Amino acid sequence: MPPSVNMVALVSVGRHPQSGRSRRAEQDGRAVEMGMNLSCDIDGQLSVVHVGDSKEPVLRQYAGMGLDALTVLEQDSGLDVLPGVVTYLKETKANLVLTGVRAERGESSGMLPYLLAEQLGWPLVPRVAEILSIKEGEAQVLLALPRGQRRSITVALPFIATVDNAAKGARQTAYGPGLRAQLNVVESEDNTDDIATSWDISPAKPRPKRMKVVKAKSAADRFKAATAKPAGGGGRVMKNETAEEKAQAIFDLLKQEKIVR
Amino acid sequence: MILDWLLPALIGVLLVLAGIGAVRRMNLWRAGQAEKVDFIAGLMAMPKRYLHDLHHVVERDKYMSRTHVATGGGFVLAMALVVLVHLFGVDSKILAWALLASLVMMFCGALFVAKRRLNPPSRLSKGPWMRLPKSLLTFSITFFVLTLPVAGVLPDGFSLGVIGGWVFTLVLSVLILLSLGEMLFGMTWGGPMKHAFAGALHLAFHRRPERFGGGRSTGLKAADLGGASHGVAKPSDFKWNQLLGFDACVQCGRCEAVCPAFAAGQPLNPKKLIQDMVVGFAGGTDEKYAGSAYPGVEVGHAKGGADNIITDGLISSDTLWSCTTCRACVEECPMMIEHVDAIVDMRRFLTLEKGETPNKGAQVLENIIATDNPNGYSPASRTHWAADQNLNVMKDVKQADVLFWVSDGAFDMRSQRILRAFVKLLKAANVDVAILGDEELDSGDVARRLGDDATFQSLAKRNLATLSKYRFNKIVTTDPHAFHCLRNEYGDFGADALLSISGESVEVLHHTTYLNQLVKEGRLQLDTFKGGKVTYHDPCYLGRYNGEYEAPRELLASLGIEVAEMERSGYRSRCCGGGGGAPITDIPGERRIADMRMEDVVSTGAELVAVGCQQCTAMLEGVVEPRPVVRDIAELLSEKLKEPEKLKEPEETIEAEKIMEEERA
Ligand code: SF4
Ligand code: SF4
């Protein structure tokens with residue numbers, strides 16, 4: 001009987017913020033960590049999958065976490081990774097996908113999990129801090145909210161989870177096992193990303209932070225101001241409005257924030 | 001008389017048993033990995049190594065060295081003569097008298113052994129070791145009595161009457177059995193006398209023969225990368241002559257007495273570690289161990305076998321991570337055992353195979369891999385400290401007399417003060433100097449001590465590739481750790497191929513050595529230091545690792561400072577606690593090593609402690625105030641530099657420094 005939970009962790013090549021050098025990506029490492037821990041606790045198996053160059057040394061850093069093998073869907077850089085992953089997930093009958101919220105290089109749009117979810121028709125569970133248990137096809141999941149808060153939800157398999165920085169950090173990678181781990185290379189078809197090839201790519205600039213003016217007299221006040229939940233004066237909860245009204249509200253906000261001009 | 005045949009029979013049987021034991025023991029060592037050893041040369045050199053090198057170390061304890069000469073020398077001589085006289089029955093008065101004389105010598109020695117055992121210091125092992133002086137005395141007395149007739153002092157058939165004769169024979173036989181049992185049987189079957197047998201062979205087949213004859217060999221051996229496993233997981237993963245070395249331990253506890261981690265109450269005792277290694281390759285438990293335990297760890301629960309994973313039940317990994325690699329134990333060990341090699345070998349397994357470097361270890365290694373410095377700073381900011389220093393960079397000048405190896409101190413504000421002081425001195429002496437700038441990488445010291453030899457080797461190779469692009473006569477560094485790597489450990493990766501401008505080999509120098517040369521050449525004019533009392537702390541990686549004890553002291557003397565020496569100084573200097581990645585793995589103890597070192601400083605009454613290492617500076621300055629001031633020798637010198645008027649620093653730099661000082665405060 002195949003294990004009831006067939007997990008796939010999708011990993012990418014990260015980028016060190018200081019040196020710009022390739023590394024095991026923060027969140028993807030956490031996704032593998034989560035998968036490894038889950039496969040110990042529940043009846044499940046984990047496979048770790050990367051799309052790209054099988055000679056990439058960073059893959060050994062993931063393998064060094066103690067993986068026997070790693071699957072690489074071999075393809076040139078600049079190609080669309082999505083079709084290959086979808087085919088792979090369908091073929092292997094995966095029912096739980098773990099991955100980072102966004103990649104550390106490339107577009108880094110964080111869109112991949114959403115596009116995957118759309119194509120597979122699975123729910124997307126964003127910013128997972130911990131998967132507490134998976135029983136009878138239902139997972140008990142803790143979502144990470146700002147300021148250390150958690151929301152507990154129950155999701156039915158299959159689903160895609162993006163792993164938040166609040167999840168348990170990736171374990172140390174060991175040189176020996178990383179070196180010896182087997183790489184299963186799967187050739188995938190040519191999926192030229194026509195749109196991306198026409199793009200002009202320039203380095204991102206950090207957006208300036210909005211100043212928060214705190215008129216506090218004592219240290220205690222300042223502490224409160226720094227830690228308190230924003231009172232959310234500007235926000236609005238819209239439940240009963242029509243979809244158009246909701247969309248309009250979002251559009252107005254984006255305009256007001258000068259994100260859309 | 002019965003003794004006439006019983007004595008040779010007993011000696012013969014015990015010699016055979018000892019022989020069998022020796023073969024068995026050798027087979028235990030052979031469980032280790034192959035290692036190239038020059039057997040013949042080793043055996044030939046053994047007596048000299050014993051008489052000269054080993055004795056040189058034993059000599060530090062005058063009482064013990066004399067005792068050992070008398071006892072050991074007496075015994076070896078006596079045993080040889082016993083075989084001739086009593087086993088082969090060579091009937092010679094001269095031999096008999098010689099035997100008597102050596103037995104007297106041994107007896108006198110044994111008396112002193114016994115005396116020291118009356119109230120033994122805690123570093124000595126008890127148990128069977130308490131029995132040894134008695135066995136030694138018994139041996140000398142028994143054979144003395146037995147030899148008297150042969151020497152013609154007592155008539156051959158002197159009569160005690162029939163019953164008296166029987167009793168006498170019986171008593172003598174028992175005594176013979178007891179003493180020969182200890183001395184011959186015990187030697188190869190694991191008794192205290194094992195140290196003589198294993199010790200002699202260990203001297204002959206030592207893994208670092210360069211250490212004999214006053215040499216120094218402190219660089220770690222490179223790990224083989226890419227195999228089915230890395231580092232030492234099981235006792236049988238050690239080289240065979242390392243196992244032999246462990247067996248040579250006499251449990252004198254000198255290593256224990258100097259170990260800073262042991263004194264700080266961390267779970268490490270180098271003597272116990274070596275004994276546990278013996279338990280490991282011989283199999284069994286540590287129940288019979290009769291010395292001090294690892295602080296906070298009860299004796300008797302450790303189990304081992306030649307093919308069992310060491311950290312699964314023999315020793316805890318915390319023991320391995322407590323070591324600062326200060327080499328005090330190795331320096332002090334009369335048997336010249338290599339504790340640090342063994343500890344790092346086992347760490348390699350934990351880091352390279354298990355990925356279990358404790359505490360900040362994993363993060364530091366990850367940073368080194370991704371940014372070539374342990375704190376994960378941007379590699380492009382490595383030369384920021386020198387923005388106002390107007391230093392030549394090798395990339396531009398391609399060659400210089402001196403290459404200043406800056407080290408990771410470049411990223412640390414406190415260390416930067418040492419770097420600037422050194423640059424100021426170099427400029428004052430008009431030295432043609434250049435730095436590598438952003439091309440320099442971490443030396444790999446920390447990675448290597450943390451067991452990550454893969455990262456060390458990668459750094460070493462990349463650094464050497466950079467170095468080989470340029471021409472220079474000397475590499476000078478203010479960091480003893482980088483100094484050690486460059487000088488003693490890069491050789492395995494091709495450092496010897498570096499050539500100076502004139503085509504000779506490149507010298508690697510510590511800044512104190514180089515500054516001392518400059519002072520002697522009259523290129524630096526210094527004022528007299530007028531502070532209070534000053535003491536000097538020898539950094540482990542400068543002193544014990546590289547033998548530089550004099551230059552720092554001469555430099556201090558050139559400032560008119562008379563060093564108030566600490567009790568633990570020179571080759572006996574106590575570690576500051578900063579080596580071997582110990583501040584990173586941070587194994588808890590009862591005290592901090594740096595605090596203990598500062599107490600050493602305080603006990604001299606010094607108001608200032610001079611050091612020659614940024615890591616020592618950081619560790620000692622980390623001790624809570626009030627405490628003596630900590631200064632690198634370069635800082636002391638630069639403060640007392642007599643500057644020709646035109647070389648005065650421009651006002652802005654002083655201003656800038658003041659502002660930075662204030663910002664830091
Ligand atoms: S290892 Fe060396 S110093 Fe330590 S107890 Fe053994 S012989 Fe003595
Ligand atoms: S190197 Fe230093 S810390 Fe390590 S065991 Fe030896 S004496 Fe102790």
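All of these numbers come straight from a predicted model, not from anything done at the bench.
- Ranked by non-hydrogen atom pairs under 4.5 Å with chain A, the options S381(B), A454(B), S378(B) are led by S378(B).
- No part of F349(B) comes within reach of chain A, as not one of its non-hydrogen atoms sits under 4.5 angstrom from that chain.
- No more than 12 heavy-atom neighbours from other residues, nucleotides or ligands sit within 6.0 angstrom of CG on D224(B).
- More than 12 heavy atoms of other residues, nucleotides or ligands sit less than 6.0 Å from atom CZ of R105(A).
- Within 6.0 Å of CG on D68(A) lie no more than 12 heavy atoms contributed by other residues, nucleotides or ligands.
- Across all their heavy atoms, I369(B) and R21(A) have their closest contact at O-NH1, 3.1 Å.
- If you measure heavy-atom distances from T357(B) to chain A, the contacts under 4.5 Å come from both the backbone and the side chain.
- K469(B) NZ: more than 12 foreign heavy atoms inside a 6.0 Å radius.
- Contact check on R24(A) versus E366(B) returns a salt bridge, with a Lys/Arg side-chain nitrogen under 4.0 Å from an Asp/Glu carboxylate oxygen.
- Annotation for A370(B) and S19(A): closest pair O-OG, 2.6 Å, computed over non-hydrogen atoms.
- With a 4.5 angstrom heavy-atom cutoff, D452(B) does not touch chain A via any of its atoms.
- Across all their heavy atoms, L179(A) and G226(B) have their closest contact at CD2-CA, 3.6 Å.
- When the candidates G355(B), G227(B), A380(B), P379(B) are compared by the number of heavy-atom contacts under 4.5 Å with chain A, G355(B) comes out ahead.
- Heavy-atom contacts from other residues, nucleotides or ligands closer than 6.0 Å to NZ of K221(B) number more than 12.
- Heavy atoms only, all atoms of each residue included: E353(B) and P177(A) are closest at O-CG, 3.3 Å.
- Between chain B and the residues M65(A), R171(A), H16(A), R180(A), the largest count of heavy-atom pairs under 4.5 Å involves R180(A).
- When every heavy atom of Q18(A) is checked against every heavy atom of G376(B), the shortest pair comes out as CG-O, 3.2 Å.
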